[in-house]
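First the structure, in the form of structure tokens, and then the observations on it.
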Amino acid sequence: MVSALPVSLEDIRAATRRIAGRVVETPMVLSASLAEIAGVPVWLKLEHHQTTGSFKLRGATNAVLSLSPAERARGVVAASTGNHGRALAHAAKAQGAVATICMSRLVPENKVAEIRNLGADVRIVGRSQDEAQQEVDRLVREEGLVMIPPFDHPDVVAGQGTLGLEIVDALPEVATVLVPLSGGGLAAGVAAAVKGVNPKTKVIGLTMEQGAAMKASLDAGRPVQVEEVRSLADSLGGGIGLDNRLTFAMCRALLDDVVLLTEAEIAAGVRHAFACEDEIVEGAGAVGIAALLAAKISSGGPIVAILSGRNVDMEQHRRVINGEGAAFAEDRP
């Protein structure tokens, strides 16, 4: 039951009050083109209009504001595939704290540069988020930094859940919510909020076909490791942690389904967002559109698709729009 979950509807409402005025309450717009495809009204939640370009600012801000002054003075640290790092750097800077962000070499350079521009100490470690997390653990252990992980943390999950409350407040009759799925912070928070208000609303997680750690873990019945691979939806990469405390259980309890998307389908979503919705989104932000275009979603009522982020390398975006072969960035040495 939703009431028994580790992050409750009241936790999410408290987060809404805490972060008010520090994040954008992003708009929802009706998509005529997608409604024609789906046969029901389709609304796009434009979360990529958030201050740092993704939903991650909600959870990072709630977590930083939940720290004591002494904890903030020690500095915060996290592993990230890019968007959480940018959000945490922004939230920490706003509170006068120092952020250290550890990332693998698979993180696109545009996301690394934006985090550096916010004054964070950036560490590039290994070729996976798990390897970057090892550096985080060392900094916590040896230097006393406070870890704010990208998803498996109650304050982060509650912060992301504020997006779900905005959806149901704007559209109480929503029947299906499409949410990008990676480590599960967004999916868990949104599902807890949406189902806390209306348990009959379906929440469907969307992720890429290869390297989907949460999907593999849900199929196995426990957190498992997967090989990280390059993807147009790079923000959905990374593991969920073998010692996952929150998001695996919440996604298992709350998600009605998980839909996998090919790279070609994700690219089609990015192109549709640009050509038909006049929106620039990264691959992870386009998965809701992609699933609708691929006819992988059916719903008996209004659908809301979360466009979760816009932090895409613009040369990569140009290649996707023009259909120029493999669109994801090449590996860096």
Side-chain angles (χ1 to χ4, degrees), residues 1-26 45 47 50-52 54-72 76 78 83-84 87-88 90-92 94-95 97 146-172 174 177 179-205 214 218 223 240-241 243-256 304 306 308:
M1 296 176 60
V2 174
S3 60
L5 294 171
V7 176
S8 67
L9 181 60
E10 183 48 47
D11 293 330
I12 297 168
R13 286 178 170 150
T16 297
R17 296 188 293 270
R18 190 175 294 118
I19 68 177
R22 294 179 169 89
V23 304
V24 175
E25 184 173 338
T26 52
K45 176 64 169 169
E47 189 62 15
Q50 194 55 256
T51 303
T52 57
S54 88
F55 72 93
K56 291 285 190 177
L57 186 60
R58 296 173 183 268
T61 299
N62 190 49
V64 169
L65 291 175
S66 298
L67 296 175
S68 69
E71 288 172 322
R72 285 197 289 270
V76 296
N83 285 338
H84 175 65
L88 184 57
H90 183 281
Q95 297 301 314
V146 178
M147 180 172 64
I148 298 180
F151 51 87
D152 198 35
H153 187 288
D155 294 327
V156 172
V157 172
Q160 318 306 25
T162 63
L163 195 160
L165 284 185
E166 288 179 15
I167 290 173
V168 293
D169 285 347
L171 191 69
V174 60
V177 177
V179 55
L181 176 63
S182 180
L186 178 62
V190 167
V194 169
K195 288 181 177 288
V197 175
N198 185 356
K200 293 183 179 180
T201 302
K202 290 184 178 180
V203 180
I204 299 176
M214 183 61 80
L218 292 172
I240 71 166
D243 58 348
N244 187 288
R245 299 179 300 117
L246 299 174
T247 61
F248 171 75
M250 292 184 71
C251 286
R252 182 172 57 182
L254 295 173
L255 292 184
D256 294 279
V304 173
I306 297 171
S308 57

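Note that this is a predicted model, so its numbers are computed, not measured.
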Under the criterion side-chain contact (heavy atoms from CB on, under 4.5 Å), I'd like the reasoning laid out for Ile306 against Val190: C-alpha separation, chi angles, the key distance, then a yes or no.
CA-CA 10 Å; Ile306 297 171; Val190 167; 4.2 Å; yes

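- At least one side-chain heavy atom of Leu165 sits less than 4.5 Å from a side-chain heavy atom of Leu9.
- Within 6.0 Å of CD on Glu10 lie more than 12 heavy atoms contributed by other residues, nucleotides or ligands.
- Nearest heavy atom pair, residue Thr201 against residue Lys195, reads O-NZ, 2.8 Å.
- Checked options Leu254, Val203, Val304; the residue passing with Val194 is Val203 (criterion: side chain to side chain contact (heavy atoms under 4.5 Å, CB included)).
- No donor-acceptor distance shorter than 3.5 angstrom exists from the side chain of Lys56 to the backbone of Leu88, with no hydrogens or angles considered.
- Using modelled atom types, no side-chain atom of Gln50 and backbone atom of Phe55 make a donor-acceptor pair closer than 3.5 Å.
- Using a 4.5 Å heavy-atom threshold, the side chains of Leu171 and Lys45 count as separate.
- Residue Val157 forms a side chain to side chain contact (heavy atoms under 4.5 Å, CB included) with just one option from Leu186, Ile12, Thr247, Asp152, and that option is Thr247.
- Distance check: Leu246 CG to Ile240 CD1 gives 11.0 Å after rounding to the nearest 0.5 Å.
- In terms of heavy-atom proximity, Pro223 sits nearest to Gly241 at CB-O, 3.4 Å.
- In this structure a side-chain-to-backbone donor-acceptor pair under 3.5 Å is present from Asn62 to Asp155.
- In terms of modelled atom types and a separation under 3.5 Å, the side chain of Thr52 and the main chain of Ala87 share no donor-acceptor contact.
- At a cut-off of 3.5 Å, with distance as the only test, no side-chain donor of Thr61 or Arg22 sits close to an acceptor on the other residue.
- Residues Ile148 and Leu67 meet the side-chain proximity criterion, which asks for heavy atoms closer than 4.5 Å.
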side-chain contact (heavy atoms from CB on, under 4.5 Å), that's the test. Do Leu181 and Leu255 meet it? Break it down for me.
CA-CA 10 Å; Leu181 176 63; Leu255 292 184; 4.1 Å; yes

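- Judged purely by atom type and a 3.5 angstrom limit, His84 has no side-chain atom pairing as donor or acceptor with the backbone of Gly59.
- Between Val156 and Phe151, the shortest heavy-atom contact is CG1-CA, 4.0 Å.
- No donor-acceptor distance shorter than 3.5 angstrom exists from the side chain of Asp169 to the backbone of Glu166, with no hydrogens or angles considered.
- Nearest heavy atom pair, residue Cys251 against residue Leu218, reads C-CD2, 4.4 Å.
- Across all non-hydrogen atoms, the minimal contact from Pro154 to Arg245 is CD-NH2, 4.1 Å.
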Between Val179 and Leu163, does a side-chain contact (heavy atoms from CB on, under 4.5 Å) hold up when you go through it step by step?
CA-CA 11 Å; Val179 55; Leu163 195 160; over 6 Å; no

Full working for side-chain contact (heavy atoms from CB on, under 4.5 Å) between Val64 and His90
CA-CA 10 Å; Val64 169; His90 183 281; over 6 Å; no

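- The minimum heavy-atom distance between Leu65 and Arg72, with the atom names listed, is O-NH1, 3.9 Å.
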